[in-house]
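Notes to accompany the following structure.
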2 protein chains.
Amino acid sequence: MLNQAGSLDRVFQALADTTRREIVARLIRGPASVSELARPLAMSLPAVMQHLQVLEACGLVRSEKAGRVRTCHIEPGVLRMAEDWITAQRTAWEHRLDRLGDYLTEHCDSPDQGSTQ
Amino acid sequence: MLNQAGSLDRVFQALADTTRREIVARLIRGPASVSELARPLAMSLPAVMQHLQVLEACGLVRSEKAGRVRTCHIEPGVLRMAEDWITAQRTAWEHRLDRLGDYLTEHCDSPDQGSTQ
DNA sequence: AGAAAAGTTAACCAAATGCTTGACTATTCG
DNA sequence: CGAATAGTCAAGCATTTGGTTAACTTTTCT
């Protein structure tokens, strides 16, 4: 249950590269072959393959080979895992602001100056 | 609006490390000094400093030094940027599913033209 | 059969990462 | 003042990352 950590490591690591995010964004519109993915990408085919391996290793992308073409598609569940971590943090942050607000209201009864940034 | 890319690179990269996510999670609960952050972290102080530099470089954390203690706090806006990217992808994915549903419904009823791509 | 297309493997390389230790600078406290 | 505290700087080092090129294997097309 706590080796969610390694999993999150891999997903965020996978997303930490413009090329890989572009691949994800492309795959979101629908499945694509390796060379379709490579075409707009100003780099060699093996380089694209390596990005694909990173994306598959973290479960963000899956692929099957039929004939000589490998078709890749996205696996949106893993995206959600990353999203959830961030959301949890932001939620905790807002809770903290609420509690802070309560504390200030309760203890220093001053007119609201609202220094929200 | 496209050099968001480098910025996203840095944020996701910053989040792609368990130690740094722990620092973020700690800071979400409130500001802390460098050695407070380091205490639960099974590594040397300079190592923690380097993580902190990564977090500051992407704008996720900010800090000021008062006397001999540096106090760090979180900057939640940047978190949101990462969240937004992921959410946008997931939203696009669901739109695609909708369109796909429409397409299938339409195609099983009336023999119209296809070729959406 | 032979050539083109699509992918894969391997070897190599430069740069970035994630740590370490040791020395050094301020600041605060007794 | 002198010692402890808090942080910083600088090397150094092993590993990972992101790319390359070259050679090779399968399909598929003519």
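Order of the sequence lines sets the chain letters (A, B, ...), proteins ahead of strands, with each chain counted from 1. Keep in mind that this is a model prediction, so the values were computed, not measured.
Side-chain contact check for L52(B) versus S63(B): every heavy-atom pair is 4.5 Å or farther apart. Using a 4.5 Å heavy-atom threshold, the side chains of E75(A) and E56(A) count as separate.
M43(A) has its CE atom 12 Å from the P atom of dT21(D), to the nearest Å. Remark: P of dT16(D) and CG of D9(A) are 13 Å apart, rounded to the nearest angstrom. Protein atom CG of L37(B) is 13 Å distant from nucleotide atom C1' of dA6(D), rounded to whole Å. The distance from atom CG of L45(A) to atom C1' of dG18(D) is 15 Å, rounded to the nearest whole Å. The separation between Q50(A) atom CD and dT21(D) atom C1' is 12 Å, rounded to whole Å. Between the CG atom of L52(B) and the P atom of dG7(D) there is a distance of 10 Å, rounded to whole Å. Atom CD in E64(B) sits roughly 15 Å away from atom C1' in dG7(D) (whole-Å rounding). Rounded to whole Å, the distance from NZ on K65(A) to P on dT25(D) is 13 Å.
For A47(A) and A66(A), each mapped to the nucleotide of DNA chain D holding its nearest heavy atom, the one lying further toward the 5' end belongs to A47(A). Nearer the 5' end of DNA chain D, as judged by each residue's closest nucleotide, is the contact made by V34(B), out of P46(A) and V34(B).
One distance of note links CZ of R70(B) with OG of S33(B); it measures 11.0 Å at 0.5 Å rounding.
Where DNA chain C meets chain A (any atom under 4.0 Å from a heavy atom), the bounding nucleotides read 5' to 3' are dA4(C) to dT9(C).
Residues W85(A) and V54(B) fall into different hydrophobic clusters, defined by Ile, Leu, Val, Met, Phe, Trp and Tyr side chains chained together at heavy-atom separations under 4.5 Å.
Not one side-chain nitrogen or oxygen of S44(A) sits closer than 4.0 Å to the OP1 or OP2 atom of dG19(D). Side-chain nitrogen and oxygen atoms of R68(B) include none within less than 4.0 Å of the OP1 or OP2 phosphate oxygen of dT8(D).
Considering L60(A), V11(A), D84(A) in turn, L60(A) is the only one that fulfils the side chain to side chain contact (heavy atoms under 4.5 Å, CB included) rule with L79(A).
The environment of NE2 in H95(B) is sparse: at most 12 heavy-atom neighbours from other residues, nucleotides or ligands sit within 6.0 Å.
Of the possible polar contacts, none joining the R62(A) side chain to the H73(A) backbone as a donor-acceptor pair under 3.5 Å is found.
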